[in-house]
K.L.:
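Structure in structure tokens, see below.
Per chain, numbering begins at 1; letters A, B, ... match sequence-line order. Because the structure is predicted, anything quoted here is derived from the model rather than measured. Just so it is clear, the values below take in all heavy atoms, side chains as well, and ignore hydrogens, waters and symmetry mates.
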2 protein chains.
Amino acid sequence: MDRMSASTSDRPVSRRRETTQRRLFEAAVALISEQGYEATTVDEIAGRAGVAKGTVYYNFGGKSELYTALMEWGVTRLADTLKGALPPSGSGTAPGEALTAVLRAGVEFIGEHESLARLLMAEAWRTNRAWYATVLQIRTEAIGVITGLLDELTADGSLPPDLDTGLAGSALFGMVVTVALDWRTLRPDRPVEEVHMALARMVEGLVGPVASTGGTSTRDF
Amino acid sequence: MDRMSASTSDRPVSRRRETTQRRLFEAAVALISEQGYEATTVDEIAGRAGVAKGTVYYNFGGKSELYTALMEWGVTRLADTLKGALPPSGSGTAPGEALTAVLRAGVEFIGEHESLARLLMAEAWRTNRAWYATVLQIRTEAIGVITGLLDELTADGSLPPDLDTGLAGSALFGMVVTVALDWRTLRPDRPVEEVHMALARMVEGLVGPVASTGGTSTRDF
DNA sequence: GTTTTTGAACTGACCAGTCAGTGCAAAACT
DNA sequence: AGTTTTGCACTGACTGGTCAGTTCAAAAAC
């Protein structure tokens, strides 16, 4: 049977290793989101992941490398989710619909990956750290999806042409994250739909009573 | 809590001590906002404040007590600023105006106390820390000002009666903080007015057609 | 003369990072 | 088949540095 690597120096990262790394990610996210990076020890992370301390160093090289890898792992998941929520451009969806869809995806993502979201938000405002670049990349990528959408909407006249889409994108981003995390913190019992609905109604005001090209004019709730 | 003691030395805290403490606060805010709490040493703080290490222990008892006191000092300043921006209730100001004024105060506060804002945001999402209660209090107090205002506006019919003011308040809060910190981080050269203007325009759309007495709302774009 | 600050030395806990050693499953060889 | 070798993945006791917190005598400020 075909071995997966015919060539010798290929590094496919064995299945075993992959599992270990995922466990370490999960343990690290949980602990660091609650306590912060500095307050979380490598021993704790290893312990929670059910591996020995040395394994962390074997797999990642060090605490900060683990953390960086963890955040990159996080970005990928978030960016993929948001991009996946974008309807194919050019399809006949109503102007505001794509925006609402992306925001919903954001809310759902935070609901499902709460710890990761907390961790990223807590780290997002420190300008001095080694991994600031990584954090910035996350923000840029996530906000970029929203901003890009706003650009499209201003281009086709659904939004005022002089809208500062960069600022608006960051505003919407902050809005979604804050609302979603407050929801998880203070009223976790509320269903996602309710939260998303309330958010969508607010945003609807932004996109405005747009001359929607036919379709249900958002009154079916 | 702290009223201006114009006359007395009732306070056990001498003027000299007060100065020392304020210097320590300022040094601690600057360092911790950049590096984080655990990564900042007492020696650093004392050094930056131009004070001996022993003085920290004489004045506060320890690092964590200094930090707690610092955050309480921060709350007071923020809450005072926001409340100070509220026009006297019952005065004949236009419905949306009070809201805009509070948001402007928020933006300005962050512009002037950037480090403090960063520090508070970084702590805001960690649920497991000793001083989480203090942080929560800050958020509640700040968001409370906004939410209270929204309640008034829904009561007098300026906003839809079924608006979830709690959620909307937290949305606006997150929006302001995110925009303001992004501004300081990425485009610090922009004048406050510009940022505030862009925000105000969005809020006008977001919160919905505020039936203002002759405002510029809701034309469709 | 009391309060506050200084400065420097010391302690002990805590923790990131190291490394010699273990286990084990799949090759390589007989 | 059975035996040996290889090297990946992991282990955990240990090391060396760091830092919060202590102490205190003496100076400075009030």
Side-chain angles (χ1 to χ4, degrees), chain A residues 1-28 30-32 34-71 128-131, chain B residues 5 7-28 31-32 34-71 128-131:
Chain A
M1 220 175 290
D2 268 287
R3 271 304 72 123
M4 51 178 92
S5 58
S7 61
T8 44
S9 51
D10 217 12
R11 307 225 116 242
V13 180
S14 70
R15 172 154 288 110
R16 189 180 175 201
R17 231 181 137 164
E18 207 177 323
T19 308
T20 306
Q21 296 188 350
R22 217 201 40 255
R23 281 166 128 220
L24 280 170
F25 280 155
E26 278 156 12
L31 289 167
I32 297 179
E34 284 179 356
Q35 306 176 331
Y37 173 79
E38 322 279 352
T40 303
T41 68
V42 175
D43 283 297
E44 266 181 306
I45 297 173
R48 175 149 182 165
V51 299
K53 188 181 193 177
T55 305
V56 172
Y57 290 88
Y58 179 77
N59 276 277
F60 295 101
K63 188 187 183 185
S64 71
E65 289 93 331
L66 162 62
Y67 193 46
T68 305
L70 164 59
M71 286 193 290
N128 235 20
R129 314 201 118 193
W131 45 75
Chain B
S5 54
S7 54
T8 44
S9 51
D10 286 313
R11 288 267 150 199
V13 181
S14 69
R15 169 157 291 111
R16 189 174 170 214
R17 240 183 128 162
E18 209 176 320
T19 308
T20 305
Q21 296 187 349
R22 217 202 39 254
R23 280 164 132 226
L24 281 169
F25 281 154
E26 276 155 13
L31 289 167
I32 297 178
E34 284 178 357
Q35 306 176 330
Y37 173 78
E38 356 276 328
T40 303
T41 68
V42 174
D43 285 298
E44 267 181 306
I45 297 173
R48 176 149 181 164
V51 138
K53 187 181 185 181
T55 305
V56 173
Y57 291 88
Y58 179 79
N59 276 276
F60 294 102
K63 188 188 184 185
S64 71
E65 288 93 330
L66 162 62
Y67 194 45
T68 305
L70 162 60
M71 286 193 289
N128 236 19
R129 312 202 118 197
W131 42 75

K.L.:
Rounded to whole angstroms, how far apart are CD on A/E18 and C1' on D/dA9?
P.N.:
14 Å
K.L.:
For B/R23 and B/A49, which heavy atoms make the closest approach, and how far apart are they?
P.N.:
NH1-O, 3.1 Å
K.L.:
I would like to know whether A/M71 and A/Y67 meet side-chain contact (heavy atoms from CB on, under 4.5 Å); could you show each step before the answer?
P.N.:
CA-CA 6 Å; A/M71 286 193 290; A/Y67 193 46; 3.9 Å; yes
K.L.:
Where along residues 44-51 of chain A does a heavy atom fall under 4.0 Å from DNA chain D?
P.N.:
A/V51
K.L.:
Applying side-chain contact (heavy atoms from CB on, under 4.5 Å) to B/V42 and B/L66, what does each step give before you reach the verdict?
P.N.:
CA-CA 10 Å; B/V42 174; B/L66 162 62; over 6 Å; no
K.L.:
Taking all heavy atoms of B/A46 and all of B/L24, pick out the closest pair and write down the distance.
P.N.:
CA-CD2, 4.4 Å
K.L.:
Between D/dA9 atom P and A/L24 atom CG, what is the distance in whole Å?
P.N.:
14 Å
K.L.:
If you take atom types as modelled and just measure distance, does the side chain of A/K63 reach the base of C/dG17 with a donor-acceptor pair under 3.5 Å?
P.N.:
no
K.L.:
Look at A/N59 and D/dA9 and indicate whether a side-chain polar atom (N or O) is within less than 4.0 Å of OP1 or OP2.
P.N.:
no
K.L.:
Mark up nucleotides 19-24 of chain C, 5' to 3', with B wherever a protein heavy atom is under 4.0 angstrom from a base atom, S wherever such an atom reaches only the sugar-phosphate, and - elsewhere.
P.N.:
------
K.L.:
Take the protein atom CD1 of A/I32 and the nucleotide atom P of C/dA16, then report the distance between them rounded to whole Å.
P.N.:
10 Å
K.L.:
How close do A/E38 and B/E38 get, heavy atom to heavy atom, and via which atoms?
P.N.:
CB-CG, 3.1 Å
K.L.:
Please name the pair of heavy atoms, one in B/R129 and one in A/E34, separated by the smallest distance, quoted to 0.1 Å.
P.N.:
CG-O, 3.9 Å
K.L.:
For B/Y58 and D/dA29, give me the distance from atom OH to atom P, rounded to whole Å.
P.N.:
16 Å
K.L.:
Please give me the minimum heavy-atom distance between A/E44 and A/A39, naming the atom from each residue.
P.N.:
OE1-O, 3.8 Å
K.L.:
In whole Å, what is the span from the CG atom of B/D43 to the P atom of C/dT6?
P.N.:
14 Å
K.L.:
For the base of C/dA16, is there a side-chain donor-acceptor partner from A/K53 under 3.5 Å away?
P.N.:
yes
K.L.:
Take the protein atom CZ of A/F60 and the nucleotide atom P of C/dT18, then report the distance between them rounded to whole Å.
P.N.:
16 Å
K.L.:
Going by the angle between their ring planes, with limits at 30° and 60°, are A/F60 and A/F25 parallel, tilted or perpendicular?
P.N.:
tilted
K.L.:
Nearest whole Å is fine: how far is D/dC8 C1' from A/R17 CZ?
P.N.:
9 Å
K.L.:
Quick one: is C/dT5 close enough that its OP1 or OP2 comes under 4.0 Å of any side-chain N or O from B/T20?
P.N.:
yes
K.L.:
Counting just side-chain N and O atoms, does A/T55 come under 4.0 Å of either OP1 or OP2 of D/dT11?
P.N.:
yes
K.L.:
Applying side-chain contact (heavy atoms from CB on, under 4.5 Å), run through B/N59 and B/R17 and close with a yes or a no.
P.N.:
CA-CA 8 Å; B/N59 276 276; B/R17 240 183 128 162; 3.1 Å; yes
K.L.:
Write down the distance between CD (A/Q35) and P (C/dC14), rounded to a whole number of angstrom.
P.N.:
14 Å
K.L.:
May I ask you to say what B/T40 touches in the nucleic acid, namely base, sugar-phosphate or nothing, with a heavy-atom cut-off under 4.0 Å?
P.N.:
sugar-phosphate
